[in-house]
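Excluded from the calculations below are hydrogen atoms, water molecules and symmetry mates; all remaining heavy atoms, backbone and side chain alike, are included. Numbers restart at 1 for each chain; the letters A, B, ... are given by sequence-line order, proteins then strands.
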There are 2 protein chains.
Amino acid sequence: MRISTKGRYALRVLVDLAEHQADDFVPLKVIATRQQISEKYLESILKVLVRNKILTGRRGKGGGYRLTKPPEQYTVGSILRLTEGDLAPVACLDQGADNCPRTANCRTLPMWRKLDELVNNYLDSITIADLMESPPAK
Amino acid sequence: MRISTKGRYALRVLVDLAEHQADDFVPLKVIATRQQISEKYLESILKVLVRNKILTGRRGKGGGYRLTKPPEQYTVGSILRLTEGDLAPVACLDQGADNCPRTANCRTLPMWRKLDELVNNYLDSITIADLMESPPAK
DNA sequence: TAATTAACCTACTATCCCAATATGTTTATA
DNA sequence: TATAAACATATTGGGATAGTAGGTTAATTA
């Protein structure tokens, strides 16, 4: 991490869908307009979410997207790890990172690990339902 | 943030200099060799640290770099904010970010703010002296 | 069954940032 | 005065981000 538009948009879409669960399937066009996000770009993001069973897509007239689970069952962390690939604060901690020869006596690595843990724990403690309840800042 | 080599290298150099305080001025070449970092690239990083009075540079034969303060007076956070420019987890929180019109009722902004606070507080709680004492991971 | 709607799929592009390199200039010491 | 070393400026290659563009498949509904 740093969280890019991909992750930020994904979260906003999930909150949007959660707030419109009554509408059954919501078309991409509607979400994009409501959230002011480019349709085509959003499409590429939702594709990932569908592939990972976060959303279901229904084709054809009357189709659109829908959550597969209730909002409180999605953690922010799990969504971001999907769209961002990795939340590690340094390259050294990326999955499949070639562990450098200095790992054994690196003075800073323990700190990065703790930071990584801190961030992930925080983001895993928040659900989409929490974001819905989040009071608008004044 | 995500922390790039710039910030990671800067921290490693400061720890290195802290561990060799007795040597007075340490030439770039020596640090670069010891830390296995490209000389020229490291130079550009140290320039920032000198400009911000983190280090003093002395020119000419017998010159090099030296800490301006004892190691326990540098927080990791302050160093990273210098070299990385900003530690904000999302662009929305960057300094001088054009605050988007949805700020007022953005469902996710409060979360990003808390995350930002969490990260900065953690990194500000660690000093270069702490990193020196950090036991090598086995 | 034909028109329409909307998801799905593949490929391409402009821009920015990271990480580094290259070349030179100034300053101090021995 | 030769040498060592910081300081300065410009350029480059690569990869990721943030999108565009155009076409294909599937489900409604008139």
Side-chain angles (χ1 to χ4, degrees), chain A residues 1-10 12-13 17 23-33 35-66 68 80 83-86 88-92 94 97 100, chain B residues 1-10 12-13 17 23-33 35-66 68 80 83-86 88-92 94 97 100:
Chain A
M1 80 134 193
R2 176 188 242 220
I3 313 300
S4 69
T5 52
K6 239 179 254 174
R8 301 207 313 275
Y9 289 176
R12 276 167 50 189
V13 167
L17 283 176
D23 305 6
D24 213 42
F25 284 98
V26 183
L28 174 72
K29 207 172 193 170
V30 173
I31 309 174
T33 306
Q35 294 295 326
Q36 302 172 68
I37 300 171
S38 142
E39 276 182 56
K40 278 296 176 185
Y41 185 43
L42 190 53
E43 215 174 328
S44 68
I45 296 171
L46 294 199
K47 185 166 44 172
V48 180
L49 297 180
V50 168
R51 191 169 44 219
N52 287 278
K53 314 272 177 163
I54 304 299
L55 300 179
T56 331
R58 171 120 125 211
R59 291 182 166 188
K61 210 171 216 176
Y65 295 93
R66 195 172 56 174
T68 57
L80 291 180
T83 54
E84 299 291 319
D86 211 319
V90 289
C92 322
D94 278 348
C100 74
Chain B
M1 81 132 194
R2 179 188 239 219
I3 312 300
S4 69
T5 51
K6 240 179 253 174
R8 301 206 315 272
Y9 289 176
R12 277 168 48 191
V13 167
L17 284 176
D23 305 4
D24 213 43
F25 283 98
V26 183
L28 174 72
K29 205 172 195 170
V30 173
I31 308 174
T33 307
Q35 294 295 325
Q36 302 172 69
I37 299 172
S38 142
E39 277 183 55
K40 278 297 173 185
Y41 185 43
L42 190 53
E43 218 176 325
S44 68
I45 296 170
L46 295 199
K47 186 165 43 171
V48 180
L49 298 180
V50 168
R51 191 169 43 219
N52 287 279
K53 316 271 178 168
I54 303 299
L55 301 178
T56 330
R58 171 118 127 211
R59 291 182 166 188
K61 209 172 216 176
Y65 295 93
R66 194 173 56 175
T68 56
L80 292 181
T83 54
E84 299 290 320
D86 211 319
V90 289
C92 321
D94 279 347
C100 74

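- Under the side chain to side chain donor-acceptor pair (under 3.5 Å) test applied with Arg66(A), the options Thr56(A), Asp23(A), Asp24(A) reduce to a single match, Asp24(A).
- Using a 4.0 Å heavy-atom cutoff across all strands shown, Leu28(B) reaches sugar-phosphate atoms only and no base atom.
- If you take CD1 of Ile45(A) and P of dC8(C), they are 14 Å apart, rounded to a whole angstrom.
- Residue Thr5(A) has no polar side-chain atom (N or O) positioned under 4.0 Å from OP1 or OP2 of dT17(D).
- Of the candidate nucleotides dA6(D), dA30(C), dT28(D), dA30(C) has the atom nearest to the side chain of Lys61(B).
- Counting atom types as modelled, Lys40(A) pairs a side-chain N or O with a base atom of dG22(D) as donor and acceptor under 3.5 Å.
- Distance NZ (Lys6(A)) to C1' (dA16(D)): 8 Å, rounded to an integer number of Å.
- Contact annotation: Ser44(B) side-chain N/O to dA19(C) OP1/OP2 distance is not under 4.0 Å.
- Straight-line distance from the OH atom of Tyr9(A) to the P atom of dA18(D): 8 Å, rounded to whole Å.
- Using a 4.0 Å heavy-atom cutoff across all strands shown, Lys47(B) reaches at least one base atom of the nucleic acid.
- Whole-Å rounding puts the Gln36(B) CD to dA20(C) P distance at 13 Å.
- You'll find the side chain of Leu49(A) reaches within 4.5 Å of the side chain of Thr83(A), heavy atoms only.
- Looking only at side-chain heavy atoms (C-beta outward), Leu42(A) and Gln35(A) stay at 4.5 Å or farther from each other.
- dC12(C) atom C1' lies 15 Å from atom OH of Tyr41(A), rounded to whole Å.
- Listed candidates were dA30(C), dT27(C), dT4(C). Nearest to the side chain of Arg59(B) is dT27(C).
- Rounded to a whole Å, the CD atom of Glu43(A) is 12 Å from the C1' atom of dA21(D).
- Glu84(B) places a side-chain N or O within 3.5 Å of a backbone atom of Ser4(B) that can act as its donor or acceptor partner.
- For the pair Arg2(A) CZ and dA18(D) C1', the interatomic distance rounds to 14 Å; values are reported in whole Å.
- With dC18(C), dT17(D), dA6(C) as the choices, the nucleotide that has an atom nearest any side-chain atom of Pro27(A) turns out to be dA6(C).
- The shortest side-chain heavy-atom distance between Leu80(B) and Met1(B) does not fall under the 4.5 Å cut-off.
- Between Gly57(B) and Gly62(A), it is Gly57(B) whose nearest contact on DNA chain D lies nearer the 5' terminus.
- Between Ser4(B) and dC18(C), a side-chain N or O to OP1/OP2 separation shorter than 4.0 Å is absent.
- Remark: P of dT5(C) and NZ of Lys29(A) are 8 Å apart, rounded to the nearest angstrom.
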